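Take a look at the structure set out below.
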Amino acid sequence: MEEATCMSYNSAIEELRAKEYPMLQGTTYLDHAGTTLYSKSLIERFSADMAANLYGNPHSSSNASQLTTRRIDDVRLRLLQTFNADPQAFDVVFVANATAGIKLVMDAFRDHEGGFCYGYHRDAHTSLIGVREVAAEHRCFASDAEVDDWIGSQDSQAGPVQVQLFAYPAQSNMNGRRLPLDWSHRIRTSRKEGVYTLLDAAALVSTSPLDLGNPAEAPDFTVLSLYKMFGFPDLGALIVRQASASVFDRRRYFGGGTVEMVVCLREQWHARKSDSLHERLEDGTLPIHSIMALDSAMAVHRELYTSWDQISMHTTFLARSLYEGLSSLRHGNGEEVCHVYKDPASTYGDSLTQGPVIALNIRNQCGGWISNAEVEKLAAIKNIQLRTGGLCNPGGVASSIGLAPWEMRENFSAGQRCGNDNDVIRAKPTGMIRVSFGAMSTLSDAASFVEFVREFFVQGSQPVATSPMMFVSLEPPTQSRLHVESLSVYPIKSCAGFSVPPGWPWEVRSEGLAWDREWCLVHQGTGAALSQKRYPRMALIRPTIDLDKGLLRVTLASTLQATTTPHEITVPLSADPRMFTDDAVYKEANTRVCGESVKAKTYRLSEISTFFTQALGVPCQLARFPVESHSGGVSRHSKVHLQKHQKAGAMRVPGAFPDAVPITPGACVSMPILLANESPILTISRSSLNRLNELIKAEGGKAAQAEVFRANIVVAENPAYPPGLEDPYAEDDWRYLQIGLQYFEMLGACRRCQMVCIDQQTGERNEEPFVTLSKTRRFDGRVYFGEHTCHVPWKDVSSRLGQNPTIMVGDAVSPFREHEVHQNSDLDALVG
Ligand SMILES: *Cc1c(COP(=O)(O)O)cnc(C)c1O
């Protein structure tokens, strides 16, 4: 649309709005996708109609009843005409809302012998997705390309399921993306009989024409909500292609109004109405007054807006202008403010691919997400009406935000529900902000929203995120001699480790690396957590983390497989309460770890305990640590392991820095440790291990692998550096480590016991490396190797780095020694 004509059109809308929509005074209404607004004239026209006419129940035969019937027939016809639909080829069935229309279609398919096969598009509204629960088979199409492939493939539906239903939204109710309208036709022409299409037009028709002029190309079933078109009445419609009406012949239910005669004493017999489809499907008394109101709504709407094409043009223009306005907002440092969830296949300004809806999230200047609850509160202050949350579009929201199913389940377990405050989890928003336009929206509505975002969320040019320690930079270390050689987690305490693949950013939490020691095995009799020290075969139980499928996958070394079937077991990563033994959701296994009790939930399924019991030959159960303990409550009793002490004499020993230094506020000292005999993270140095192995081999012993130390982080000399620079046991003097963009504090050396002698491949006990360690790394009668470490959280937890701290194999590592820290007055001040 030309700017000039648009401006005058827009001012015409402003005028109309003042007159027809007095309720919009002083507010910015941006939730037309929820419902649009009714005009004053509509309400007046309707009330005049009601006051002037006597309408009876159409099921009677009085004059009043006849009038109702006549009027309803007219309304039906006018509604069909709105969609350019020929009454010979289509029928309208009035329903409560779009959802009720969907369920009516669903019921008919469910009553088919053998059930039906259901396919739906990822962008479907929740109401379409629910149909899958009654289908014999169902499939979610994750993309348009998958639909195209399916249409193109000539697979005929063999087997017991005879009918198929494919459903999709004409417009996504999440981001307003418009989907291809030719799928129905293409499915009909390219596939065998028995495949029907259900078009959910509820979102589309609120601001766009829908042309059903060609019955051969039209969907078999089209559902819509009339309140989304006109604001009133609260009514829905199902438009059925007559040629497909036979699907409803199988419908078993009948209600008042849909049958000619019913016999129920002695004999059970009924005769269905057969005149028209709507007579057979409209159970009970029609919402007659709503249907009358629809007549007024259609008439007034035509007078106010002329055509749906006009509305489409106007709203498309508004959406483009808002999209451009939001996309151009930048923080002082140049970072984007609004992250708009636009489908790559759509273009704002093109009404064929994009409706007047924008879904977005807001970021701060550090790239962290702003909580939607916060946006909502501020919007309420400014009297802006918008929608936030899951938007009743689970597939669209999950795929746009990149939430894996297990994350959604995990978020759910963590208390995330449709519509609550807790909306940034694991550095991902759990919902979106949606703004949407309607016929009576104006450019000033768009401008108000842009202004709102600018006022509250655009940050000037303050320095970027405060780092956890002031003396360090925000850049990853360059020229670093050290790097992360490997990262490992031990999902089940005392069982084998899972090596984090290179290239995977791995989350660091205050309790340690993500998924580290999240589970344990507990003895069925004593409830005590099992340890490799007593059960060396635990080394042969091999858990892996499958983030793709959201599973903890446990396999066994081949030596254990003879005794165990199946050879693999999986457990969801999400802590679904139904998985655990009951009473108050779960039984609290009194998991004793080094004499202290930790509450863990044990898994209910006997297959799980059988698997581990067979593998170890010990009656045991898998247990998971409750989420609550992540945030406190579990005391650290392992201080003895973490003692930092000074050996008499000049020799510096592990952790030889001043005792009990109060560290950066909020840092590790008070961090909970899940399995309390271990620190959050264990770091070892490759050069120390090499030194140790040289000594072991010199004595003819068997070299130790890194795994025996159960390290999480192995720091090694960067292979790009010339050899001979190794610096064994340099970690004894490290005070802090920078790894990539994250900071870690060294808590002290790790005391060792004979457990390091268990070969992690075979589960057998050796002498080494403990013998050599005790000769070379013994201080005050204790043997040390490796460093307890914890993550130092970013002060600015709203930054991207703060919300989602991760490290990766290959990350550069730079250590800071005591004197390097004390040379810095900033840190000195911090540590007091
Ligand atoms: C609003 C909407 C629905 C649900 O409509 P109801 O009238 O609430 O049943 C279904 N699908 C889409 C695309 C919608 O926008």
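What you see is a predicted model; the values in this text were computed from it and never measured. We number each residue from 1, following the sequence as shown. Atoms within a ligand are numbered from 1 in the order they appear, just like the ligands themselves.
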Determine, step by step, whether Asp148 and Arg186 satisfy the salt bridge (charged side-chain N to carboxylate O under 4.0 Å, His left out) criterion, reporting the C-alpha distance in whole Å, the side-chain angles of both residues, the deciding distance to 0.1 Å, and the verdict. CA-CA 9 Å; Asp148 289 334; Arg186 287 178 51 208; 3.1 Å; yes
Take Asp220 and Arg241 through the salt bridge (charged side-chain N to carboxylate O under 4.0 Å, His left out) test and state the conclusion after the steps. CA-CA 5 Å; Asp220 298 294; Arg241 210 169 69 106; 3.3 Å; yes
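Minimum interatomic distance between Asp123 and Asn393 (heavy atoms only, all atoms of both residues): O-ND2, 2.9 Å. For the residue pair Thr442 and Ser444, the shortest heavy atom distance occurs at OG1-OG, 2.8 Å.
When ring centroids are compared, Phe166 and Phe141 come within the 6.0 Å threshold. Here the two rings, on Phe90 and Phe83, have centers that are 6.0 Å apart or farther.
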Output, or 'none' if empty, a list of ligand 1-protein atom pairs in which both atoms are N or O and the distance is under 3.5 Å, rounded to 0.1 Å.
from	atom 1	to	atom 2	distance (Å)
ligand 1	5 (O)	Ser225	OG	3.3
ligand 1	7 (O)	Ala98	N	3.2
ligand 1	7 (O)	Ser225	OG	2.6
ligand 1	7 (O)	Tyr227	OH	3.0
ligand 1	8 (O)	Tyr227	OH	3.1
ligand 1	9 (O)	Ala98	N	3.3
ligand 1	9 (O)	Thr99	N	2.8
ligand 1	9 (O)	Thr99	OG1	2.4
ligand 1	11 (N)	Asp200	OD1	3.2
ligand 1	11 (N)	Asp200	OD2	2.5
ligand 1	15 (O)	Lys228	NZ	2.6

